Novice: 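Sharing a structure below in C-alpha cells format, with a few things to ask.
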Amino acid sequence: MIPIDDSPIVRDGKTLILAMDHGLEHGPTDFADVPEKLDPETVFETATHDAVTAMAVQKGIAEGYYPSYEDDVNLLAKLNGTSNMWMGEPDSSINWSVDYAAEVGADAIGFTVYSGSNHEVEMYEEFRKAQEKAREYDLPVVMWSYPRGQGLKNDTKPGTIAYASRIALELGADIAKVKYPGSPEAMQHACKAAGDMNVVMSGGSKTSDYEFLSTVEAAVNAGCTGLAVGRNVWQRDDPTRLLDALEKVIYEEETADAALED
Amino acid sequence: MIPIDDSPIVRDGKTLILAMDHGLEHGPTDFADVPEKLDPETVFETATHDAVTAMAVQKGIAEGYYPSYEDDVNLLAKLNGTSNMWMGEPDSSINWSVDYAAEVGADAIGFTVYSGSNHEVEMYEEFRKAQEKAREYDLPVVMWSYPRGQGLKNDTKPGTIAYASRIALELGADIAKVKYPGSPEAMQHACKAAGDMNVVMSGGSKTSDYEFLSTVEAAVNAGCTGLAVGRNVWQRDDPTRLLDALEKVIYEEETADAALED
Amino acid sequence: MIPIDDSPIVRDGKTLILAMDHGLEHGPTDFADVPEKLDPETVFETATHDAVTAMAVQKGIAEGYYPSYEDDVNLLAKLNGTSNMWMGEPDSSINWSVDYAAEVGADAIGFTVYSGSNHEVEMYEEFRKAQEKAREYDLPVVMWSYPRGQGLKNDTKPGTIAYASRIALELGADIAKVKYPGSPEAMQHACKAAGDMNVVMSGGSKTSDYEFLSTVEAAVNAGCTGLAVGRNVWQRDDPTRLLDALEKVIYEEETADAALED
Amino acid sequence: MIPIDDSPIVRDGKTLILAMDHGLEHGPTDFADVPEKLDPETVFETATHDAVTAMAVQKGIAEGYYPSYEDDVNLLAKLNGTSNMWMGEPDSSINWSVDYAAEVGADAIGFTVYSGSNHEVEMYEEFRKAQEKAREYDLPVVMWSYPRGQGLKNDTKPGTIAYASRIALELGADIAKVKYPGSPEAMQHACKAAGDMNVVMSGGSKTSDYEFLSTVEAAVNAGCTGLAVGRNVWQRDDPTRLLDALEKVIYEEETADAALED
Amino acid sequence: MIPIDDSPIVRDGKTLILAMDHGLEHGPTDFADVPEKLDPETVFETATHDAVTAMAVQKGIAEGYYPSYEDDVNLLAKLNGTSNMWMGEPDSSINWSVDYAAEVGADAIGFTVYSGSNHEVEMYEEFRKAQEKAREYDLPVVMWSYPRGQGLKNDTKPGTIAYASRIALELGADIAKVKYPGSPEAMQHACKAAGDMNVVMSGGSKTSDYEFLSTVEAAVNAGCTGLAVGRNVWQRDDPTRLLDALEKVIYEEETADAALED
C-alpha cells in the first residue's frame, strides 16, 4: 500500500471501477440480453460518466478501443483472467505484462488472486512480480481478492472476506476488491482488517436498482471506499440513471432512497 | 487488436490464409492422396495465387523454402504446433520464437490456443509473450482459437465458437481463426462477439467445391473477413480453380454459384 | 553465516524480533480478542520499545506503515508466507523480492523453510537465491526453520529442532528461528548444532507471562541469543510490561521471576 | 533447414556420423565385448577415417579427447541424452549448451526428440531453443527423430518413420536421423516426407557386415544421404574394413556386394 | 574433463577430499558419538592435515568458517544437498551458486547426481549449468555420482558403479566420486569406464582402521586416484592417525598393513 489519493482512479478518496472482462471470464453468454454490448465501444461510452474513475478491461479490448477514449476514461489494466472453460483448481493466466500495460496507457493495474486454491502459492508470486513492476511505473494495484478452491465451501462468509482484504494489505495491494460478506458488520470487519488500505465492494450479478444501491450504501457506511461494478451497470438498458445514483451514494454519501428519488 | 488494414496479409479488408502445417499436426497421412505435395515447393507455388494473402507454415518449412518465394508470398509464421502422437491434454509447443520469425521474414504470426484444455492457463501466458513480442515488430497476430479438451464435448457448438472469437479479442489477437459453427446466425454471433476484430473461418477437411464455397459465402455474409484454408486447397488436383472461385467469393462477395460458373 | 554483531537487529549479541505476519499466515482470527491490533500502527508502536531489535512484517504492511517508523524500528522483511487456506504440502510463496525489500529500507530479511515438505527442494533453492541476493546488500538472513510435512509427525521433538538449526547453518542463514523443543537440554543441543550461528526461540501461542518468560529464560540459558515473538506480545493488553521483562531476561540475563518482580 | 552442403560434416552431399554416446545412453554394458573401447581415444582414432564426416559424443568426452583430434575429426556435439536407468516417459536431458559446444569446437549439433512421449511438447521447445541458438553459430542441426512413448507400440512402422522425418523438417532440423523402417519403399516415403532435407539412417544394433551394408545400400538408394552409426562400427574388431566398405556404398554408391569384394 | 593436475585439490595426481555435509544430509544424529564435532572448526582443523587436498562443505559452513582456514585448506564447494527428511524420489536442491562459491573462495565444486531417479533429467540439467559455469572460473568439478531411486534396488552392484563413473565422464565431470563396488575387479572396471578421468572412492559409514584402509588400498590399486571421506575420519577420536595412514596408502601407495605399522 502506497498513498494513492492523487491517482486519477481516485476521486475524493473514493473509487468506482467499471469492469468489463466478462467476455473472457464468462463468455458471450453474459451479453445474451444486451447483445449490443458485445461492442466494447458501448461500454467505453458508459465509462465516460463522471462517476466512473476507472474502466477495467483485458489487453485486447484496451488495445482496440482505449485509444479513442484515453482523454475521457482512466484505464485499469486487468492483467490476468481465464475462461470459464477452465476445469482445474482456480487459476488465472497473466495475459498482459505490466510493461506493455504502461505502454498502452494504464492508470492502474488489476490482478486476481485466489487464496485457498492449489495455485495460491503460484498466484501470490505472480502478484509479487506484477506489484513490484507496477511500483516502478507508479501504478496503483487493485487486487481482486477472491478466496476460492479446495477447502473453501462458501466464499462469502464473513471470516473469509475479512481474510481476503487482509491478504491484499499484507501482499502489497493498494485497493482490495472483495465480495459483500452479507452484513454491514462483516463488511466493517473486512475494512478494518485492511488497515488504512482502500476496500471496494464487488458488484456481482445483476439485481434491482434499489437492492443494488442499498448494498452499496451499506458497504460505504461500513468503510468501503467504493465499488467495482460490471453487469449491474452495463447489463442495464440505461446505465446512466444508475451511475447518477451511484455517484450520489458513493461520493456524496446519500442514501439509496435519496439517490433514486433525485 | 491494432489496425491491420495496411498489413500485407490483408487485401481490401479481407484475408485468405493458405495453411500447410499438416505435416506436423497430422503427419504425412494427410498427403496420402497427393504425395507430390509432400514437397513444400508445390504448395508455395499455389500460395503465389493473388487470392492468397499469407501462407502459414512451421519454422523448418519457412527456412527451407520461403527464401525462394519471399517476393511472391507473405509469410505467416505459425509459432506453435504438436504432433498427433501427443496423448496429453491439448497443448501446443512453441517451435519458433518471434525474434527468429521476424528474422526469417514473417509478415505475421500465428498461434494456437486451446481454451478449456488443462493447459489453457499456460497457453494464454505463452500467447501473451508472443503477442507482446510481435507488437515490437509490428507483426499482426492470428489466433487459431480452438476450445478443446477436458469439459468440451462438442467444439463447434455456437456458444463455443462465439466464446472462441471473443477470447481472441480479449487476449489481443488481430485476427481470430475459428471453426464454422454450423449456421450463418451462429457465425454472425461469433463475429459480433469479436467486436471490430477480424474473424476468419477455418477450412477443415476436404469437401466438394460447391459445399466448401457455399460455407465460405455464408461465413463472409455473416461477417467473416476471410478464410484460413489448407487441405481444401492443396489436397485438390487443381487448386487454382478453387482459388479463383474463392477470390470472387471473398473479395468480390460473389455467390458460390456465380463464382463456380465463371 | 557472516558476522552480524554490528547489524542494527543485534544488540549486545542478542536479538528480539517482534513478528506480525499473522494477518497473512493465520488470518484476522488471530486478532479476534484484540481487534484494535488489526491496525498495524498499533503494533509498530509496540515495536518502538528498546527491547525490540527488529519488526518482521510482510511487504504490504511495510510499504504502508514503515515510512512513519523508520527512525525508531528496524525492519525485518519477511519475504515469504502463505495463507492458512493453503491445503497443499507445506509451502510458502515469495511475496517480496530482496531488491524491493532493500528499497523499502529492510535491515534484514526473513525466510521460512519447511524441511521435510514435498516442497523442501524448491524452498531450499528459493532460500539460496534470497540469501545470496541479501549478501549483495549486506542484509542478515533469518531462517524460520520449521521441519513440517509428509513424514514429520511431531515437529517439536528434540532431534527435529536440532536438525532445524543445523540446516539453517548449513544453508547459510545468520540466525535460525526454531521452536522450543520442550527441554533446556534439547534446546542446548539445537544451539550447539548451529555452531557459532545465532539461534532464537520462536514464541508460539499466547501463554501466561510467567510461563512464557520462564521458557525464554531457559532458552537463553541453553544458548539462544534471543527470541522471535508475535502473539505473546501484541495479543496482550499491555505489551510494554512484558517487553520490559523480556528485556531483562534476554539482555541482562535475569531470571523470569526477577524480571517480573521489577 | 538451411543449406549445409558446404558444412564440414557433409562430403559430396553425404554424411557419415560415427556416434559414441552409448556410455551414457546404454552404459558400459555396450562395451562388454570390446572393453578396450571404453577408452574414448580408440573410437576417436576410428573417426579419423576419411569416410567419417562427424563424430557424435557427449560434452565430457569432447572436452577430454577432442582437443587431440580437432584437426582430423569433425565434432558433432550431442546436446542431450539420458541414462537407461531413467524409468519415466521418454525424455532426454540437455547436458551441453550450444554456446559451450561452439566454444569446444563443435561443427554441428545433435538433438534427440521423442515425438509421442508425454515430454514431446517440452522437448520440441528445448529443440527450438537449441536450433535457434545453433543458427547464430551457423552450426547444422541433426535431429535424432525417434517417436517413442505412450501410444506408440512399434516405433519402426513405416508411417511412424515418415512422420519422424517430416517432423524434423517442420521443426527446423538440417538432417534427420531416423530408424530404417523395414523396406526400401517405406524408407523412400520417409525421405520424400522430408522434402529437400537430408535424412540419414540410424545404424542400430550390431549385425553382420553384409546385412548391415545391404541395409545401408537400400537406404541410400531410397534417398538417404548417409548414415549415423555406432555399435556397428566400433563394436567390430576391425572398424576400418567396414568403414572402407561404407565409404563405397555411401559416397560412390556401390552395392554392398561390390564394396565387400574390394 | 579438463586437465586438473595443477589444481590445488590434486597432489601428485591424487586427491583426498574430507567431506562434512552430514549436518545437512543426515542431521545432527551423525554427530551423536562425537558431539564436539558439531563445531565445524574442529573438522576444519582436521582438514589442515597435509593428506587432505580439499574440504567439502555446504555454503553456510564455508561462509562461517572458511575465512579462518583459507591459507591452510582448499575449499570444495558442495553445491547441492537435501535433508534426510525429504520423502520424494532422490533429489538434491542447489544451495549455492557457482558465482557465489567462487566469491567465497572455492577451489573446486562438488555436485550430487542421482541417475535413475525420477529427477535424473532435471539433475543432469542442473549439473550442466553448474559445470559450464565452473568452467568459466576454471574450477574442477567433482560429481558425487550415485545411481539411486525408482528401478535401482542395489546401488553398489558392479555394473551400476561402472555406469556411475562413465556418466560422470560423459557429462563433463573432472572427478567422479563413487561407492566401492565390492571387489577390486569391479572397481577397476569402474575406473576404466571413466577413461582418463579421475575416480575417487566414497568413504561410507565408519568401520575399523584396518578394514577401511584395506579397502582404500584395494581401490587405489584398482585405479582410483584417491578418496572422499567423512565419517571415517571425523567420527574418530584421533583423525590424525588415520590421515597419516591414508597419506601413505594414497600418495605413497603403501599397503594398509605397512601404513598402520608405521
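All values derive from a computational prediction rather than experimental measurement.
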Novice: Would you say C:Y163's side chain and E:N84's backbone share a donor-acceptor pair under 3.5 angstrom?
Specialist: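 Pair found, side chain donor or acceptor close to backbone of E:N84.
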Novice: Drop me the distance from C:K133's NZ to E:Y100's OH, to the nearest 0.5 angstrom.
Specialist: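 These two atoms lie 13.0 Å from each other.
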Novice: In plain terms, say whether C:K192 and E:E36 are close enough for a salt bridge, that is, a side-chain N and a carboxylate O under 4.0 Å apart.
Specialist: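 No, C:K192 and E:E36 are not salt-bridged.
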Novice: Which atom pair, heavy atoms only, marks the closest approach of C:H189 to E:L38?
Specialist: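 Scanning both residues, the minimum pair turns out to be CE1-CD1, 3.9 Å.
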Novice: Contact part of E:D99 toward chain C, heavy-atom cut-off under 4.5 Å: side chain, backbone, both or neither?
Specialist: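 The answer is neither part of E:D99.
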Novice: Specify the closest pair of heavy atoms between E:M85 and C:S115, including all atoms of both residues, with the distance to one decimal.
Specialist: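 That closest heavy-atom pairing would be CE-CB, 3.6 Å.
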Novice: Measuring from atom CG of E:L24 to atom CG of C:L169, what distance do you get when rounded to the nearest 0.5 angstrom?
Specialist: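 Nearest 0.5 Å value for the CG-CG distance: 10.0 Å.
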Novice: Taking all heavy atoms of C:E170 and all of E:G23, pick out the closest pair and write down the distance.
Specialist: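 Where C:E170 meets E:G23 most closely, the heavy atoms are OE2-CA, 3.4 Å.
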Novice: So what's closer than 4.5 Å to chain C heavy atoms on E:E89: side chain, backbone, both or neither?
Specialist: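 Neither the backbone nor the side chain of E:E89 comes within 4.5 Å of chain C.
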Novice: List the atom of C:A193, the atom of E:P28, and the distance in Å for their closest heavy-atom pair.
Specialist: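 So the two residues come closest at CB-CG, 4.1 Å.
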Novice: Between E:N95 and C:F127, is there a side-chain heavy-atom distance shorter than 4.5 Å?
Specialist: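 Not touching, per the 4.5 Å side-chain cut-off.
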Novice: Do we see a donor-acceptor contact under 3.5 Å between the side chains of C:E125 and E:S93?
Specialist: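 Side-chain D/A pair, C:E125 to E:S93: absent.
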Novice: Are any side-chain N or O atoms of C:R166 and backbone N or O atoms of E:H22, one a donor and one an acceptor, separated by less than 3.5 Å?
Specialist: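 Flag not set: sc C:R166 to bb E:H22 has no pair under 3.5 Å.
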Novice: Give a yes or no on whether a salt bridge exists between C:R135 and E:E63, defined as a side-chain N under 4.0 angstrom from a carboxylate O.
Specialist: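 Judged by the 4.0 Å cut-off on N to carboxylate O distance, C:R135 and E:E63 do form a salt bridge.
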Novice: Using a cut-off of under 4.5 Å for heavy-atom pairs, which of C:L171, C:I167, C:I2 has the most such pairs with chain E?
Specialist: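 Looking at each of C:L171, C:I167, C:I2 in turn, C:L171 comes out on top.
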Novice: Quick check for you: among E:G64, E:S83, E:P35, E:P40, which has the greatest number of heavy-atom pairs under 4.5 Å with chain C?
Specialist: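 Most heavy-atom pairs within the cutoff with chain C belong to E:S83.
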Novice: What closest approach, in Å, do E:T82 and C:Y124 show between heavy atoms, and which atom pair accounts for it?
Specialist: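 Smallest interatomic distance, heavy atoms only, reads CA-CE2, 4.3 Å.
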Novice: Please check if the number of heavy atoms outside E:D238 that lie under 6.0 Å from its CG is greater than 12.
Specialist: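 Yes, enclosed.
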Novice: Let me know if E:H119 has heavy atoms under 4.5 Å from chain C in its side chain, its backbone, both or neither.
Specialist: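 Looking at E:H119, nothing touches chain C.
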Novice: Report which part of E:T29 has an atom under 4.5 Å of a heavy atom belonging to chain C: side chain, backbone, both, or neither.
Specialist: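 Neither part.
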Novice: Mind checking whether C:E132 and E:K59 have side chains closer than 4.5 Å, heavy atoms only?
Specialist: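 Side-chain contact under 4.5 Å: yes.
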Novice: With a 4.5 angstrom heavy-atom cut-off, is it the side chain or the backbone of C:S165 that approaches chain E, or both, or neither?
Specialist: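 No part of it gets close to chain E.
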Novice: Less than 4.5 Å to any heavy atom of chain E: does that hold for the side chain of C:E122, its backbone, both, or neither?
Specialist: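 Contact with chain E is absent: no heavy atom of C:E122 under 4.5 Å.
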